[in-house]
Protein chains: 2
Amino acid sequence: MQSKAFCNNFTNAPMFEHLKNKFPIEDQKWERYINCFNKLEVPSKTVLLNEGEISERIFFIEKGCVRCWFNRDGKDLTLQFFLEGGMVASIESFRKKIPSPVTIETIEPSVLWYVDKKDMDSILTELIEIPEIREKFIDILFERTFDYMKHFVSFIKDSPEQRYQNILKEKPQLIQRIPQHYIASYLGITSVHLSRIKNKMLK
Amino acid sequence: MQSKAFCNNFTNAPMFEHLKNKFPIEDQKWERYINCFNKLEVPSKTVLLNEGEISERIFFIEKGCVRCWFNRDGKDLTLQFFLEGGMVASIESFRKKIPSPVTIETIEPSVLWYVDKKDMDSILTELIEIPEIREKFIDILFERTFDYMKHFVSFIKDSPEQRYQNILKEKPQLIQRIPQHYIASYLGITSVHLSRIKNKMLK
DNA sequence: GTTCGACGATAACATTTGTTATCAAATGCA
DNA sequence: TGCATTTGATAACAAATGTTATCGTCGAAC
């Protein structure tokens, strides 16, 4: 009884509307899967995974913002941001059970749902047999890879100023919501230099 | 008759020993697949795919060395090198039938085998149904992604000098075989700067 | 053998970017 | 409200890296 109420509660969350649209799977299966999702409401600066730990959970973001970063000689280097609708884990650590190269941390008060690795593995094992879903997963994998490549290529072909303008054009929500020193770290420059760039762009 | 001789000829190539070890598939299937491979012997500086073209072939390297690069304001930016045993295509272009962001070019006289996209697609469609092979493909996909991430992370966390030393340690064959200005372009610096780095390291 | 082009080293100078320090404004919290 | 912390701007100086030009060597093509 309690489990059923639990389940209905989850089913109504916006997160699942989003997922159900993305993965059209029979309702019956969804009910089973939804029991593997755990809600987490956390304040800003909550660490979801520490650099060096092994990733045991994958997080789905219903509300808020998450940052992946690592430490290098005391400096804070940002690899990625995730917003509403995003799915985040240290995928290398999650897949290969090796220590995570990155820390995953909220930068806004956030509403998250997580799935434990063992649950996620069994869901995936089941779903991968369905050709349409399999195709979708492979697509997602490719898209992730292409995204990394794109970000990487932008590092070697564009100046920091151009990279900033790319973000302004393609992901303006990031500029609006994320503190500037994190943006600078994401662009691979110091916050002082980003200040200079913004100043120069005004003139 | 001719087709059979052709096939036997191919079967003996070192390339296929390598592939057969990597993908243990029944001999019968291999015979069919091997007919889709076409041998290509080319001199240095042969363009296999031009920036802007749509990738229609995937190349397997039996002997030689291949470079992926693109042009930015007349400058030559290198993304990757491939040596013997490597498999190269503009994967984004190959998968999505979009113009390739990179040029693919030999930098040594090379012996290659290529497979046309339509053949590769049908081979993959067949093989993806075999769970072990499917797992292997997904592994390969992940590994590619992790490689890109690693290379990318090294760009944001290491100095050019450290990146050069990483290559010296991890891929010394590249330093030995590849002209220095291509190495510089791969490291994201000018050849002048790489000269300075080497000079500094001597002292 | 001669010539031409590719490759690599080096120097002088220019530009970009980082470092450190200081201050002002905004924000969260008691 | 008021204080502490975070965030962002700016200046002065230092270090890293690019640009351009010159020169020497080596190997391939004629």
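Everything numeric here is computed off the predicted structure, so don't read it as measured data. Residue numbers start from 1 in every chain, and the chains themselves are labelled A, B, ... in the order their sequence lines are given, proteins ahead of strands.
Computed from coordinates, the B:Asp73 CG to D:dT19 C1' distance equals 15 Å when rounded to whole Å. Here D:dT17 presents its P atom at 17 Å from NZ of B:Lys198, a figure rounded to the nearest Å. With rounding to whole Å, A:Asp76 atom CG is found 14 Å from D:dT7 atom C1'. Atom-to-atom, NZ of A:Lys200 to C1' of D:dA9 comes out at 17 Å; the value is rounded to the nearest Å.
If you look at A:Phe137 and A:Phe23, their ring centroids are closer than 6.0 Å. Taking the six-membered ring for Trp and the full ring otherwise, the centers of B:His151 and B:Tyr186 sit less than 6.0 Å from each other. Two rings, from A:Tyr182 and A:Phe81, have their centers 6.0 Å or more apart.
Under the 4.5 Å side-chain criterion, counting only non-hydrogen atoms from C-beta, A:Phe146 is in contact with B:Ile91. With contacts defined as side-chain heavy-atom distances shorter than 4.5 Å, the pair A:Val115/A:Phe60 qualifies. Within the 4.5 Å cutoff, side-chain heavy atoms of A:Leu83 are placed close to those of A:Arg177. B:Lys150 has its side chain out of reach of B:Asn166: every pair of non-hydrogen atoms, C-beta onward, lies at least 4.5 Å apart.
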Which atom pairs, donor and acceptor, lie under 3.5 Å between side-chain atoms of residues 48-59 of chain B and protein residues at least two apart or in another chain?
{"residue": "B:Glu51", "atom": "OE1", "partner": "B:Asn71", "partner atom": "N", "Å": "3.2"}
{"residue": "B:Glu53", "atom": "OE1", "partner": "B:Asn50", "partner atom": "N", "Å": "3.2"}
{"residue": "B:Ser55", "atom": "OG", "partner": "B:Arg57", "partner atom": "O", "Å": "3.4"}
{"residue": "B:Arg57", "atom": "NH2", "partner": "B:Tyr114", "partner atom": "OH", "Å": "3.4"}

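Tested against A:Lys198 for a side-chain hydrogen bond (donor to acceptor under 3.5 Å, both in side chains), the candidates A:Glu161, A:Gln180, A:His193 yield a single pass: A:Gln180.
Think of the region where chain B sits on DNA chain C: with heavy atoms and a 4.0 Å cut, that region ends 5' and 3' at C:dC7 to C:dA12.
Ring-plane geometry between A:Phe37 and A:Trp30 is classed as tilted, the angle between the planes lying from 30 to 60 degrees on a 0 to 90 degree scale.
Shortest non-hydrogen contact noted between B:Arg72 and A:Asp158 is NH2-OD1, 3.3 Å.
B:Glu62 is linked by a side chain to side chain donor-acceptor pair (under 3.5 Å) to B:Trp113, counting only residues two or more places apart in sequence or in another chain.
Each end of the helix from C:dG1-D:dC30 to C:dA30-D:dT1 gets its own axis, taken as the rotation carrying the C1' atoms of four end pairs onto the next four within a five-pair window, and the two axes meet at 50° to the nearest 10 degrees.
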B:Phe152/A:Tyr148 under ring pair (Phe, Tyr, Trp, His ring centres under 6.0 Å): CA gap, chis, key distance, verdict: CA-CA 8 Å; B:Phe152 174 54; A:Tyr148 279 116; 7.3 Å; no
Does the protein touch nucleotides 23-30 of chain D at the base, only the backbone, or not at all? Give it as B, S and - per nucleotide, heavy atoms under 4.0 Å. --------
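Heavy-atom distances under 4.0 Å link DNA chain D to A:Pro179, A:Gln180, A:His181, A:Val192, A:Ser195, A:Arg196 of residues 170-197 of chain A, given in residue order.
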